[in-house]
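Report on the structure given below.
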Amino acid sequence: MNLKPHVSSLEPSEVEEEKFEAAPGYLPIGDYALIGDCHSAALISRGGSIDWCCLPRFDSDSCFARILDRDRGGHFLIAPEQPAQSRRRYAPGSMVLETTFESEQGEVRLTDFFAMRAGGARFPRRELVRVIEGVRGSMRIKVEIAPRLDFGDVKPWIYGVGNDDFVAAGSDTGLLFSGDAPLELVDRHNLRAHVTLRAGERRYVSMQFISPAELQDASAKLPKRGELKEHLEETLAWWREWGAKILKHERPGACPGRSAIVLKALTYAPTGAIIAAPTTSLPEHEGGERNWDYRFSWIRDSVFTARALSMLGLASEADGFRRFIMRSAAGSAEQLQVLYGIDGKRRLTEIEIDHLEGWRGSKPVRIGNGAESQFQADMYGLLLELAWRFSARGNPLDDEYWGFLVSLVEAAIEKWPQPDSGIWEVRGDPQHFVHSKVMCWAAVNRGIELAEKHSLVAPLAEWRRARDEIRTAIEQKGIDPLGDYFVAAFESTHMDAALLLLPEVDFIAYDDPRMIRTVDAVRRELDVNGLVLRYCGTDDGLAGQEGVFLPCTFWLAECLARAGRVKEARAVFDRVCGCANELGLFPEEFDTHKGEMLGNFPQGLTHLAHIAAALSIDAVERGHKAPELTPEQVEAPNKARGSIGPR
């Protein structure tokens with residue numbers, strides 16, 4: 001992959017052409033693009049193949065999963081029959097993907113999208129639409145549809161319900177394929193079509209999810225003539241109306257709108273939950289066991305996302321998650337856990353899918369996530385930080401919400417002395433991670449600040465004593481005695497990139513000499529070719545070595561910028577931006593030796609860290625202390641439009 005600097009603008013600039021040829025094995029992760037509708041998502045390859053899709057929700061069983069098993073996973077391909085050059089982009093301000101195939105004989109454009117409804121994202125059409133349009137000359141196009149349900153375990157029964165319309169049914173899933181492409185049944189389990197397109201000609205293929213109850217009358221759901229064109233126009237309008245809410249900044253690179261759109265696409269509209277990524281088991285180490293299901297809502301990632309979206313003026317999205325987490329935790333710290341299902345479900349039992357070989361043989365493939373049962377002490381501080389930012393935007397705290405926050409502060413005071421699994425969810429023995437201790441301090445500190453600001457009832461004397469006790473322990477046991485910088489865990493000599501987050505909760509200033517030494521120690525110990533590992537020397541209970549962690553590198557860029565080291569910050573920022581693909585999509589991790597993406601994709605944590613770093617660097621270059629927004633800045637764009645836009 002080309003690691004040239006990537007300009008963090010509202011939309012990526014012109015993309016380079018690449019030759020498309022059908023690959024016999026597994027494509028690089030960076031070859032994929034995302035489409036979604038705030039309910040579900042799909043990954044589409046540069047060559048026009050849907051190789052990952054779960055319907056009707058992010059966490060549903062897959063109907064196409066070739067990205068995890070090239071033979072059994074299933075796919076939905078639309079592509080030229082002969083080799084062609086390809087280039088792709090998103091239609092500006094949208095999650096509508098356009099892939100252009102070009103040869104000497106002709107040029108066609110493939111447009112892919114999940115259809116949005118003008119009434120709002122809460123009411124999904126559950127429809128993926130693919131449009132093939134002739135642009136120049138003529139080109140022969142092939143369509144291959146091989147649904148494989150229940151993570152490739154079920155070959156559906158496919159039968160006709162109209163001239164070119166078919167249902168694929170199996171397990172608890174039904175898929176309705178329709179449109180005006182000449183689909184034909186190859187056997188009971190596959191569809192295909194061949195069509196020659198000339199300039200100005202257009203064909204549609206629609207795939208709708210239908211429930212078992214709807215299968216008996218599937219033909220009633222067939223789109224009427226002209227509807228699919230209307231769905232494209234409606235979808236473009238929906239995304240552009242939502243994107244108009246993003247606060248714009250004058251300087252190039254200061255408004256990473258593509259990352260904001262990705263984060264919106266990873267939000268489950270009915271509840272406000274924000275998933276970590278739309279995929280499972282794309283590995284952190286090729287061929288290894290570091291393969292996890294990220295199709296759930298982590299408190300940590302979601303609080304970071306709420307912060308990033310708030311910085312762009314998207315306060316309603318941030319507040320949606322605040323309500324989701326309070327509801328899912330049943331309003332008390334005792335009911336709190338690290339992650340939840342997108343509907344608030346608590347049991348996310350981790351199991352292995354043995355029949356899938358995994359991306360490039362990276363087994364096991366997992367669904368569910370065992371981190372649900374871990375104790376991670378930073379979650380208390382994260383939720384108090386979320387409340388503090390909510391308050392800073394001018395919002396009052398009602399009695400029910402304050403009661404929930406008090407329970408979190410009390411839990412942080414009770415549990416801070418305990419070891420935990422930490423921000424990185426290590427599967428080895430729990431440790432006394434410094435970042436976790438600082439976040440317990442932050443929970444108590446923000447609780448005190450909120451109580452004082454709003455004149456709320458709280459045992460402030462007790463809380464102040466606890467806050468001082470936690471800080472004293474950190475400064476006695478969590479600092480290298482020779483180097484005078486923070487370390488990964490109490491009485492450890494190792495480094496942890498999570499230490500870059502300490503200033504964000506006001507535990508220490510960005511330009512404090514001790515923090516500057518910590519930043520330099522992180523770079524010294526964790527830097528790999530200009531990018532940052534999460535940690536080293538920590539027993540995480542897993543075999544193999546993972547790649548560098550891109551969110552951590554953005555955290556480094558933000559720390560450098562806020563400490564006044566802007567030139568260094570820009571260099572780090574440009575380096576990590578070069579790890580995105582040409583569409584501006586980031587993975588979780590990166591293999592610096594192969595120049596390839598690793599981990600689930602696209603990764604929300606990386607995109608939100610990209611936003612925060614971009615705005616921080618821009619703010620410092622403009623002479624501002626920080627990019628935080630005042631309540632007036634947040635509310636003004638929405639008041640000017642009279643609404644908060646589509647949801």
Using residues 204-214 as the side-chain source, report each donor-acceptor pair under 3.5 Å to any protein atom, sequence neighbours left out, with the distance given to one decimal.
residue, atom, partner, partner atom, Å
Tyr204, OH, Arg202, NH1, 3.1
Ser206, OG, Glu127, OE2, 3.0
Gln208, NE2, Lys221, O, 2.9
Ser211, OG, Glu214, OE1, 3.2
Glu214, OE1, Arg126, NH2, 3.2
Glu214, OE1, Ser211, N, 2.8

Arg87 and Glu107 ion-paired at < 4.0 Å:
yes
So, Tyr294 versus Gln603: side-chain donor-acceptor pair below 3.5 Å or not?
no
Does a salt bridge link Arg88 with Glu582, judged by any charged N lying under 4.0 Å from a carboxylate O?
yes
So that I can tick it off, tell me whether Glu357 and Arg70 are bridged by a salt bridge, with the cut-off set at under 4.0 angstrom between side-chain N and carboxylate O.
yes
Does a side-chain N-to-carboxylate-O contact under 4.0 Å join Glu81 and Lys142?
no
Could you measure the distance from the CD1 atom of Ile50 to the CD atom of Glu144? Nearest 0.5 Å is fine.
13.0 Å
Within 45° cone of Phe101 ring axis and under 6.0 Å: Arg109 NZ or CZ:
no
Out of curiosity, Ile132 CD1 to Asp112 CG, how far, rounded to the nearest 0.5 Å?
9.5 Å
Decide ring pair (Phe, Tyr, Trp, His ring centres under 6.0 Å) for Tyr340 and Trp298; before the verdict, give the C-alpha distance in whole Å, the side-chain angles of both, and the deciding distance to 0.1 Å.
CA-CA 7 Å; Tyr340 295 90; Trp298 270 255; over 10 Å; no
Which label fits Trp424 and Phe549: parallel for a plane angle under 30°, tilted from 30 to 60°, or perpendicular past 60°?
perpendicular
So do the side chains of Cys577 and His610 get within less than 4.5 Å of each other, counting heavy atoms only?
yes
Are any of the side-chain nitrogens in Glu234 or Arg117 under 4.0 Å away from the carboxylate oxygens of its partner?
no
I'd like to know if the side chain of Arg148 pairs up with that of Asn190 as donor and acceptor (distance under 3.5 Å, no hydrogens or angles considered).
yes
Can you confirm whether or not the ring centre of His75 sits under 6.0 Å from the ring centre of Phe64?
no
Identify whether the distance between the nearest side-chain nitrogen and carboxylate oxygen of Arg534 and Glu284 falls below 4.0 Å.
yes
Donor-acceptor pairs under 3.5 angstrom involving side-chain atoms of residues 156-179: please list them, not counting sequence neighbours.
none

Taking all atoms of both residues into account, what is the closest heavy-atom pair of Met95 and Ala265, and its distance?
CE-CB, 3.9 Å
Pairwise distance CG(Leu339) to OG(Ser297) - rounded to 0.5 angstrom:
8.0 Å
Basic-acidic side-chain contact under 4.0 Å: Glu286, Lys594:
yes
Crowding at CD, Glu104 (>12 non-hydrogen neighbours, <6.0 Å):
no
Test salt bridge (Lys or Arg N to Asp or Glu O under 4.0 Å) on Glu133 and Arg198 and set out the steps.
CA-CA 8 Å; Glu133 182 178 9; Arg198 296 173 177 81; over 6 Å; no
Verify salt bridge (Lys or Arg N to Asp or Glu O under 4.0 Å) between Arg290 and Glu589, making sure each step is shown before the conclusion.
CA-CA 12 Å; Arg290 297 171 181 264; Glu589 299 190 9; over 6 Å; no
If the threshold is 4.0 Å, N to carboxylate O, is there a salt bridge linking Arg295 and Asp293?
yes
Restricting to pairs with a member in residues 58-68, which pass side-chain hydrogen bond (donor to acceptor under 3.5 Å, both in side chains), not counting sequence neighbours?
Ser49-Arg66, Asp51-Arg66, Arg57-Asp59
Distance flag, aromatic centroids of His39 and Phe58, threshold under 6.0 Å:
no
